[in-house]
2 protein chains.
Amino acid sequence: MTTKTGDQALIKRINTAIVLEYILRGSPLSRAQISEQSGLNKATVSSLVQDLIDGALVQEIGTGQSSGGRKPVLLEFVASSGYAVGIDLGVNYIRGVLTDLRGNVVAERTSALRLTEPNAAVDQLCGCIEHLMTEAPSSPYGIVGIGVGVPGLVDDNGTILFAPNLQWRDIPLQRLLTEKFSLPITIDNEANMGALGEQKYGVGRSINNLIYVSVGIGIGTGLILHKSLYKGASGFSGEMGHLSVEAHGKSCTCGNRGCWEMYASEQALLEQAAPLGFEDLESLLVAASSGRQDVLELFSNIGEYLGVGIANIVNVFNPDAVVIGNRMSQARPWLENALRQTVVQRALGFHLRKVQLLFAELGERSSMMGAAEMAIAGFFARVKAT
Amino acid sequence: MTTKTGDQALIKRINTAIVLEYILRGSPLSRAQISEQSGLNKATVSSLVQDLIDGALVQEIGTGQSSGGRKPVLLEFVASSGYAVGIDLGVNYIRGVLTDLRGNVVAERTSALRLTEPNAAVDQLCGCIEHLMTEAPSSPYGIVGIGVGVPGLVDDNGTILFAPNLQWRDIPLQRLLTEKFSLPITIDNEANMGALGEQKYGVGRSINNLIYVSVGIGIGTGLILHKSLYKGASGFSGEMGHLSVEAHGKSCTCGNRGCWEMYASEQALLEQAAPLGFEDLESLLVAASSGRQDVLELFSNIGEYLGVGIANIVNVFNPDAVVIGNRMSQARPWLENALRQTVVQRALGFHLRKVQLLFAELGERSSMMGAAEMAIAGFFARVKAT
DNA sequence: TTAACTTAGTTTATTGGATAGACAAACTAA
DNA sequence: TTAGTTTGTCTATCCAATAAACTAAGTTAA
């Protein structure tokens, strides 16, 4: 069993984390404010703040306004004390970003994925990471970690079990990158990363329970419950693209029938659009915006099926918000009505009272920003554990 | 924000909880064993154990075998230091139990629910509780709490928002019982209680992630994730009976279409059985065991639809086990094949590797035992918080 | 200008846990 | 008997949080 026991060091970690949290959220603010708001003694706050300053995570930035007494010394988190790399590895692109510890973008880099063969792709990925790392200003903590979002199922060791559209199986990406960079590496599904990105930096800021639905070639989902990413019992879940919405519908490669993503994904859209002579999403978006009736009906149909699945998700998880992301979010104007109507019709009233239907704000950058956030969050977790 | 700060009392609470946990799980065992296994210092363990003995939660029960030195003093949890009441309030019955703090049944009581009108039903419920309470031997902590499982949607204040089969709306049951008994009261959905009962005392013992599917008139679900009951964002979830499995299927009273419980519940079974001249589950079970072909096909059909929904659940939550409970679990012999086959066919391979399909062991008593467990768990939570 | 009052942050003595190590008690094995 | 082992308690020490006293640096009103 060996549950972790409590000692004085634990107390200090807990309280340091609290103080850091206040500075991260409320800065600039003074020691006195932290003490009052947190309930910690002034002396305790002073001591912990000093440790944080010594650790280069916090700095004094001058004095604030007096309210009839000594001026407060304002504290601020030092965002530039370290940097994080976030990568979105797509089926035909690699998108990467370098951010500071607040998620401010310092450098960005996009390139087409030349070869999908695993070795070559990983090489190109490493090149992208190295390039971004050289862009980082020198800082006390340097590069604190690398997060990578991938289009596939990832286990909790960061091994890509299966990435259908890349035709990858059992690629131990975390191990490969750890060997190469000797830095903390986080690998996760693109939808989980997207969920995190939107929750932290996008339309879902300050929403505690949200579900991100990544509608691309397939459908992936990322669940943020009680402010943190929910993983299934054994570390991977979110394969809700394979929720069956038509018990006797089309057979899916996964073995199930009537999977949601067979009716509501980009793939489903393109299949239906082929007879009309369309071959990609972009041309369909153009046709829709010029008002072509048959194309509008296609989108409306997709919107309805998206709604069917989302209603299911709402009934099961009862979240505060559902965020539609990835490529299909560009079709918002032509999806939204049908989607909204379907969800309202189908979700239970008790849940509907609360849930918001939103579209991703970061667009194609959700996943990459989420990956950077993962690396940042990992850094903070380590700081708090020391 | 006011996150709870850390102080010495917190350490003591944490470590006391650890020691108590070891005694609950591993008893009888000695102070030395606890120290060695937990990593806590011998002196610390001695001191905390003394507190627990003073608090009547632990007692010394003599010495154990020596392994070449002084004999250890064996410790045991005192199950009889308090008692809990667990109630299963059904549509046409009230089932109640009195247990000690280990969940051993001390007294049990079943009666038919005379009137479903809320006031009358609550009166009868109170009578049942009072009767059980008088059966409790005198003990240091007395009755530590009352748990009640109900067939409906419950919010986190213990108000029954909606119980379709009782035709109740907005009954503040927790408040009513608190006023009456001045004891800690926990109200929850019958399926959540059942999940807890099976996880603690039934077939799911020692399984950390399980999903309990209560198949009665409707279908309810209780999720135990990482050893604890999962509630949705706003305190109620588990309405997976209304997962749509046929996007364009039959309309449900909930507003959705093709809800799972319209195809796989007792109600669904009875509807299909009516043309054959059956009116209740019991007669169908008799017919099935005598081998009537058309009835067997009915059960097989229900089993298949149960499998469709369970495959969905498995894909979403990736649990260690799925437990089928409530009335329909009696039909196991005629459901199981079709169910198993469907799940294997439809669930993703990665999830299947792990998941077990089980049937409730406590039968009709799952929910009641879970309710008692809720009360017990509440007591321990309070002990650990002091 | 001064005295009275406020507020910010530090210093000091105290409290209450956990801990290592010494110790006593109780046992085994030779 | 004697040496060694195991259990459990006792004691001195450490360390983080805290209250209260204190210093620093401002405002306000006469």
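Just so we're clear, the structure is a prediction, and the values are computed from it rather than from any experiment. By convention in this document, chain letters (A, B, ...) are assigned in the order of the sequence lines, proteins followed by strands, and residues within each chain are numbered from 1.
- Note: CZ (A:Arg13) to C1' (D:dA17) measures 16 Å, nearest angstrom.
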I'd like a table of donor-acceptor pairs (distance under 3.5 Å, sequence neighbours excluded) in which one partner is a side-chain atom from residues 49-61 of chain A, with atom names and distances.
| from | atom 1 | to | atom 2 | distance (Å) |
| --- | --- | --- | --- | --- |
| A:Gln50 | NE2 | A:Asp54 | OD1 | 3.1 |
| A:Asp51 | OD2 | A:Lys12 | NZ | 3.2 |
| A:Glu60 | OE2 | A:Arg31 | NH1 | 3.2 |
| A:Glu60 | OE2 | A:Arg31 | NH2 | 2.7 |

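- Taking side-chain N and O atoms only, A:Asn41 has a distance below 4.0 Å to OP1 or OP2 of D:dA19.
- Checked against salt bridge (charged side-chain N to carboxylate O under 4.0 Å, His left out), B:Lys180 has the following partners two or more places apart in sequence or in another chain: B:Glu130.
- Heavy-atom nearest nucleotides on DNA chain D were determined for B:Arg31 and for B:Asp7, and the one closer to the 5' end corresponds to B:Arg31.
- Applying the salt bridge (Lys or Arg N to Asp or Glu O under 4.0 Å) test to pairs two or more places apart or on separate chains, none has a residue in residues 71-86 of chain B.
- At least one side-chain heavy atom of A:Asp320 sits under 4.5 Å from a side-chain heavy atom of A:Asn208.
- Between A:Gln8 and A:Ser30, the residue anchored closer to the 5' end of DNA chain C is A:Ser30, taking for each the nucleotide with the nearest heavy atom.
- Shown here are the side-chain contact (heavy atoms from CB on, under 4.5 Å) partners of A:Asp7, two or more places apart in sequence or in another chain: A:Ala9, A:Leu10.
- In this structure D:dT9 sits in a base pair with C:dA22, meeting the Watson-Crick or G-U test at under 3.5 Å.
- The closest side-chain donor-acceptor pair between B:Tyr201 and B:Glu373 falls under 3.5 angstrom.
- The salt bridge (charged side-chain N to carboxylate O under 4.0 Å, His left out) test applied to B:Lys384 returns B:Glu21, not counting sequence neighbours.
- In this structure, CG of B:Leu10 is placed 15 Å from C1' of D:dT18, rounded to the nearest angstrom.
- A:Asn15 has no side-chain polar atom (N or O) that falls below the 4.0 Å cut-off from OP1 or OP2 of D:dA16.
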So which protein N/O to nucleotides 25-27 of chain D N/O distances come out below 3.5 Å?
| from | atom 1 | to | atom 2 | distance (Å) |
| --- | --- | --- | --- | --- |
| D:dA25 | N3 | A:Arg70 | N | 3.3 |
| D:dG26 | N2 | A:Gly68 | O | 3.1 |

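- Interface residues of residues 43-64 of chain B facing DNA chain C, ordered by number: B:Ala43, B:Thr44; criterion, heavy-atom separation under 4.0 Å.
- A search for salt bridge (charged side-chain N to carboxylate O under 4.0 Å, His left out) contacts involving B:Arg70 returns nothing, not counting sequence neighbours.
- In the 5' to 3' direction, nucleotides of DNA chain C lying under 4.0 Å from heavy atoms of chain A begin and end at C:dT6 to C:dA18.
- Sequence neighbours left out, the pairs with a member in residues 54-81 of chain B that pass ring pair (Phe, Tyr, Trp, His ring centres under 6.0 Å) are B:Phe77-B:Phe380.
- Scored by the ring-ring contact (aromatic ring centres under 6.0 Å, His included) test, A:Tyr141 finds A:Phe379 as partners (sequence neighbours excluded).
- Atom CD of B:Gln33 and atom P of D:dT7 are 8 Å apart (whole Å).
- Pairs passing the ring pair (Phe, Tyr, Trp, His ring centres under 6.0 Å) check and including a residue from residues 57-76 of chain B, sequence neighbours excluded, do not occur.
- As a whole-Å value, the separation of B:Glu36 CD from D:dT5 P is 15 Å.
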